[in-house]
Amino acid sequence: MTDREFRLAYVPGVTPAKWVDIWAERVPEVPLTLVSVTAAEVVKFLHDGGADAGFVRLPVDREGLSVIPLYVETTVVVVPKDHMVAAADEVTVADLADDEVFRPMDDTLEWTALPGLPAFTRPETTAEAIRLVAAGAGLLLVPQSLARLYHRKDLTYRPVVETPQSQIGLAWPTKATTELVEDFIGIVRGRTVNSSRGRTPRACPGEGAEAAEDSRSGRVGSPGRANRPGQEGPPSPLNRARAGSRRVLDLRTDLMRRYGQARWAFGRLVLLGRLTTGSDRAQPSR
């Protein structure tokens with residue numbers, strides 16, 4: 001791999017679009033190429049240099065790899081829409097005891113005890129198993145992302161509780177931890193562009209010289225605005241928060257002062273009313 005391209009492998013079910021979009025914003029000079037690889041082949045693909053990094057389904061053989069676990073997927077059962085399971089919000093493995101359940105050769109779930117009854121065949125792929133489910137030959141348990149990937153109008157799926165789950169992780173060859181790989185790790189982990197663990201933001205041509213000139217002349221504030229004497233730049237978030245707190249305190253004090261004045265004026269009006277009423281009563285009738 002070279003700095004002219006960053007190749008990212010991903011297994012079926014993973015949707016890396018949001019990370020790809022962030023990459024395009026932060027590293028526009030290096031195109032990112034997506035490569036779809038099966039879950040069974042992705043580790044070898046990374047070792048052979050087919051990609052700089054890749055999204056894998058855990059567990060994998062970690063020898064020679066660095067791996068960051070990312071998220072765990074819900075396991076679902078795929079059924080025809082007219083199956084009784086479709087009427088439930090979620091099901092248990094016991095609910096499937098009388099159904100034939102397919103286990104394709106590329107199954108990514110690690111079962112200690114297979115659910116349901118053994119199906120009449122083991123399909124080569126999940127896609128083939130989906131077609132068999134649509135034909136009414138049995139059911140299929142898969143991570144939810146795969147059920148969405150192979151969605152059909154005549155099928156639906158429901159969550160299955162207390163079952164093995166598939167976890168997605170980011171992996172790359174440990175000896176090939178390049179700056180581009182570090183960039184992508186930061187994106188996946190949600191680091192901001194100015195994170196101390198991220199790479200130094202790339203300067204546009206001429207930007208470094210302008211920044212140096214601004215530093216020498218003291219122009220370190222906002223573009224087009226001169227700094228006040230002693231000002232080193234825009235206020236920090238802490239200072240802005242303190243200023244906001246002072247404004248709130250000043251407003252509260254002003255409201256309390258106005259409230260006190262209003263109560264005093266009201267008291268005067270009540271007292272004046274009482275005095276007037278008492279004076280009227282004291283006058284003799286004619």
Please report the shortest heavy-atom distance between V78 and A147, naming the atom on each side. CG2-CB, 4.0 Å

Can you check whether L96 reaches V85 side chain to side chain, under 4.5 Å on heavy atoms? yes

Beyond-backbone contact of T163 with P115, side-chain heavy atoms, under 4.5 angstrom: no

For a quick test of reading the model, state the closest non-hydrogen atom pair linking V37 to A9 and the distance between them. CG2-CB, 4.1 Å

Does some side-chain heavy atom of L146 sit less than 4.5 Å from a side-chain heavy atom of L149? yes

Flag for S166-E73: side-chain donor and acceptor within less than 3.5 Å: no

Interatomic distance, CD@Q167 vs CG@L70, rounded to 0.5 Å, equals 8.0 Å

Check whether W23 reaches the backbone of D183 with its side chain - one donor and one acceptor, N or O, closer than 3.5 Å. no

Is the backbone of P12 close enough, under 3.5 Å, to the side chain of R57 for a donor and an acceptor to pair up by distance? yes

To the closest 0.5 Å, what do you measure between CG (L140) and CZ (F102)? 8.5 Å

Compare every heavy atom of D95 with every heavy atom of D99, then report the nearest pair and how far apart it is. OD2-O, 4.0 Å

For H83 and V79, which heavy atoms make the closest approach, and how far apart are they? CB-CB, 3.9 Å

Determine the sole option in L58, L170, T174 for which the side-chain contact (heavy atoms from CB on, under 4.5 Å) test with V67 is passed. L58

Close side-chain approach of V188 and I68, heavy atoms under 4.5 Å: no

Are V76 and V133 in one and the same hydrophobic cluster, where Ile, Leu, Val, Met, Phe, Trp and Tyr link if side-chain heavy atoms are under 4.5 Å apart? yes

Please answer whether the main-chain N or O of K81 pairs with a side-chain N or O of T156 as donor and acceptor at a distance below 3.5 Å. no

One should read off an interatomic distance between E63 CD and L65 CG, to the nearest 0.5 angstrom, of 9.0 Å

Provide the closest heavy-atom pair for A137 versus F120 in the form atom of the first, atom of the second, distance. CB-CE2, 3.9 Å

Counting the benzene-type ring for Trp, do W19 and Y10 have ring centres under 6.0 Å apart? no

To the nearest 0.5 angstrom, please state how far the CE atom of M105 sits from the CD atom of E128. 9.5 Å

Considering the options L8, D21, V27, which one meets the side-chain contact (heavy atoms from CB on, under 4.5 Å) requirement together with L32? L8

Say whether, by atom type as modelled, one donor and one acceptor occur between the side chain of D48 and the main chain of G50 under 3.5 angstrom. no

Is V11 close to T108 at the side-chain level, that is, under 4.5 Å between some pair of heavy atoms? no

Would you say R158's side chain and E90's backbone share a donor-acceptor pair under 3.5 angstrom? no

So, the side chain of D107 versus the backbone of P104: is there a donor-acceptor pair under 3.5 Å, distance only? no

I want to check something: taking the side chain as every heavy atom from C-beta on, are R148 and Y157 in contact at a cut-off of under 4.5 Å? yes

Determine, using the 4.5 Å side-chain heavy-atom cutoff (strictly less than), whether V101 and L117 are members of one ILVMFWY cluster. no

When you compare the side chain of F55 with that of V42, does any pair of heavy atoms fall below 4.5 Å? no

Rounded distance (nearest 0.5 Å) linking atom CH2 of W172 with atom CG of L180: 13.5 Å

R7 side chain to D52 main-chain N or O, any donor-acceptor pair under 3.5 Å? no

Connected via hydrophobic side-chain network under 4.5 Å: V43 and F184: yes

Residue pair L109 / Q165: nearest heavy atoms and the distance that separates them: CD2-C, 4.0 Å

Answer whether the closest heavy-atom distance between the side chains of P80 and D154 falls below 4.5 Å. no

Roughly how far, to the nearest 0.5 Å, is the NZ atom of K153 from the CG atom of L155? 12.5 Å

Just one of V77, T75, V160 clears the side-chain contact (heavy atoms from CB on, under 4.5 Å) bar with V93, so which one? V160

If you measure only the distance, is there a donor-acceptor pair under 3.5 Å linking the side chains of T125 and D106? no

